[in-house]
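Because the structure is predicted, anything quoted here is derived from the model rather than measured. Every number for a ligand or one of its atoms is a count from 1 in the order of the listing.
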Amino acid sequence: MSHRIAVIPGDGIGQEVIVAALKVVKATGAELEFEEFDWSAERYLKDGVTVPPDGFKKLGRDFDAIFLGAFGDPRVPTNIHAKEILLGMRFRMDLYANVRPVHLLDAALCPLKNVEPADVNFTVIRENTEGLYVDVGGVFKPGMPEEVAVQEDVNTRKGVERVIRYAFEYAKQHGRKKVLMADKANVMTYAGGLWQRVFHEEAKKHPTLEAQHMYVDVVAMMMVREPRQFEVIVTNNMFGDILTDLGAGLAGGLGMASSGNIHPGKTSMFEPVHGSAPNIAGKNIANPIGAIATASMMLAHLGLTKEAGKIDAAILDAVRQKKTTFDVGGTLGTKESAAWIAERVAKG
Ligand SMILES: NC(=O)c1ccc[n+]([C@@H]2O[C@H](COP(=O)([O-])OP(=O)(O)OC[C@H]3O[C@@H](n4cnc5c(N)ncnc54)[C@H](O)[C@@H]3O)[C@@H](O)[C@H]2O)c1
């Protein structure tokens, strides 16, 4: 059965890494149909459109998955297009579980001492539709010395329940033994209290898994000192955002990090963790591996596990043989690195 993929490269290096990753996907021979969408800063500057009318409805109705680059362009200082496209997609398509693996492929890529790849191998499940990112709040007396800014942290029982449940299910499906919930319930008592109650309730339903709690600041410290203890971490939108950049730092940098924005049973979206990186855009130096690993996640999500496995094996080879971009120790350009991986995938 053929799967239909909506491709939205977006801005900056999004354009480069998505094209590169698609070459690798095509080399797997998977039966896929692609349709490209030009939602981007370029389009917004041309005709003022961020998301065309019924855009999200079309994506949900006509596609099995969305493969997305990154958004952000210095010519759009308000970042309005990124907000409407990316946050709009996560919120309006209700992609509530942001799955971000932190997986070290080669010890040389980790800034920590005496660490083996097996020591950094966990997944962060970040709540993706609520929290501090819902854009609820306001400013009072803007520009005045007494200016006040309020940014609300929205946590619903439904939202917290479903992401925590997802984390336990994910752990089971991926052969993990424990799930850790990270919050700041000692200070943010209302939101933290809800997360705590729900976590304990869900943990009781999964007696085969160990349920553990840690304050998020301690998690950040432990990710650096003793990352081996982590298997699956579930947390809110903001904490997940920050912890996964730290995670990317442990595993070779933003150029290596992949993610899925998932709503089980609905059209889900897959994107590398990095942004549009205007400082390196258009130079053929962006690392395509984050996007390629993201494509592998997408294929696995669609049930194409054999093809995903081939991509993962080829990425590992590329990293070990330094057939990569300079940020992870190689000398190749974006296109050349992806071409090497595609060739390796095609050979099987
Ligand atoms: N999901 C998204 O679309 C997303 C995420 C983060 C930032 N942004 C946007 O991207 C723009 C730039 O933001 P930023 O600089 O904070 O984050 P960024 O991820 O774009 O870049 C951070 C640093 O990492 C480097 N980097 C990122 N991806 C890389 C890759 N594939 N290979 C090699 N190096 C890479 C960049 O050169 C830069 O030095 C902003 O407009 C921001 O809003 C978008």
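- In this structure, Ala286 counts as a contact residue of ligand 1, since one of its heavy atoms falls inside 4.0 Å of the ligand.
- Here the protein heavy atom with the shortest distance to atom 3 (O) of ligand 1 is Phe71 N, 2.9 Å.
- Asn237 and Arg126 are linked by a side-chain donor-acceptor pair at a separation below 3.5 angstrom, with hydrogens and angles left out of the test.
- Using a 4.0 Å heavy-atom cutoff, Asn279 is listed among the residues neighbouring ligand 1.
- Close contacts of ligand 1 with Asn79, meaning ligand atoms under 4.0 Å from a residue heavy atom, involve 43 (O).
- Ring pair Tyr170/His174 is parallel by interplanar angle, where below 30° counts as parallel and above 60° as perpendicular.
- Within the 4.0 angstrom cut-off, atom 15 (O) of ligand 1 has no protein heavy-atom neighbours.
- Of all atoms in ligand 1, numbered sequentially from 1 with element shown, those under 4.0 Å from a heavy atom of Gly255 are 30 (C), 31 (N), 32 (N).
- Regarding atom 24 (O) of ligand 1, its nearest protein heavy-atom neighbour is Leu254 CD1, 3.8 Å.
- Put simply, atom 43 (O) of ligand 1 has protein non-hydrogen atoms near it, under 4.0 Å away.
- The nearest protein atom to atom 35 (C) of ligand 1, hydrogens excluded, is given as Ile280 CD1, 3.8 Å; this is a heavy-atom distance.
- Side-chain contact check for Arg100 versus Asp241: some heavy-atom pair is nearer than 4.5 Å.
- Taking every heavy atom of Leu86 and a limit of under 4.0 angstrom, the matching atoms of ligand 1 come to 1 (N), 2 (C), 3 (O).
- Between the side chain of Glu84 and the backbone N or O of Ile80, no donor-acceptor pair lies under 3.5 Å.
- For the pair Lys204 and Phe199, the NZ or CZ position fails the cation-pi test of under 6.0 Å to the six-membered ring centre and within 45 degrees of the ring normal.
- The one candidate from Arg75, His81, Gln15 that meets the side-chain contact (heavy atoms from CB on, under 4.5 Å) condition with Glu42 is Arg75.
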Between Phe37 and Phe63, is the ring-ring contact (aromatic ring centres under 6.0 Å, His included) condition met? List the steps.
CA-CA 12 Å; Phe37 291 76; Phe63 295 90; 5.6 Å; yes
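- The shortest N or O to N or O distance between Ala277 and ligand 1 is below 3.5 Å.
- Between the side chains of Trp195 and Asn236, no donor-acceptor pair of N or O atoms lies under 3.5 Å.
- The same ILVMFWY cluster, assembled from side-chain heavy atoms under 4.5 Å apart, contains both Leu243 and Val163.
- None of Thr123, Asn121, Val120 except one satisfies the side-chain contact (heavy atoms from CB on, under 4.5 Å) rule with His103; the exception is Asn121.
- A cation-pi arrangement is absent between Arg92 and Phe56, since the terminal nitrogen or guanidinium carbon is not both under 6.0 Å from the aromatic centre and inside a 45° cone about the axis.
- Atom 28 (N) of ligand 1 has its closest protein heavy atom at His274 CB, 3.2 Å.
- Distance screen at 4.0 Å: atom 19 (O) of ligand 1 has a protein heavy-atom neighbour inside the cut-off.
- Contacts between Ala82 and ligand 1, counted as non-hydrogen atom pairs separated by less than 4.0 Å, are absent for every part of the residue.
- Here the protein heavy atom with the shortest distance to atom 6 (C) of ligand 1 is Gly275 CA, 3.5 Å.
- Residues Val328 and Thr325 have side chains in contact (heavy-atom distance under 4.5 Å, counting atoms from C-beta outward).
- Atom 12 (C) of ligand 1 has its closest protein heavy atom at Pro278 CD, 3.5 Å.
- Here the heavy atom of the protein found nearest to atom 32 (N) of ligand 1 is Asn287 N, 2.8 Å.
- Counting only distance, with no hydrogens or angles, the side chain of Thr235 and the backbone of Ala182 share a donor-acceptor pair below 3.5 Å.
- Shown in contact with Ala70 at under 4.0 Å from a heavy atom are these atoms of ligand 1, numbered in order with element: 3 (O).
- Among Ser276, Pro77, Gly72, the residue whose heavy atom lies nearest to atom 10 (O) of ligand 1 is Ser276.
- Applying the 4.0 Å criterion to heavy atoms of Glu271 picks out, from ligand 1, the atoms 1 (N).
- The Ile13 neighbourhood of ligand 1 comprises atoms 28 (N), 29 (C), 30 (C), 31 (N), with distances under 4.0 Å to a heavy atom of that residue.
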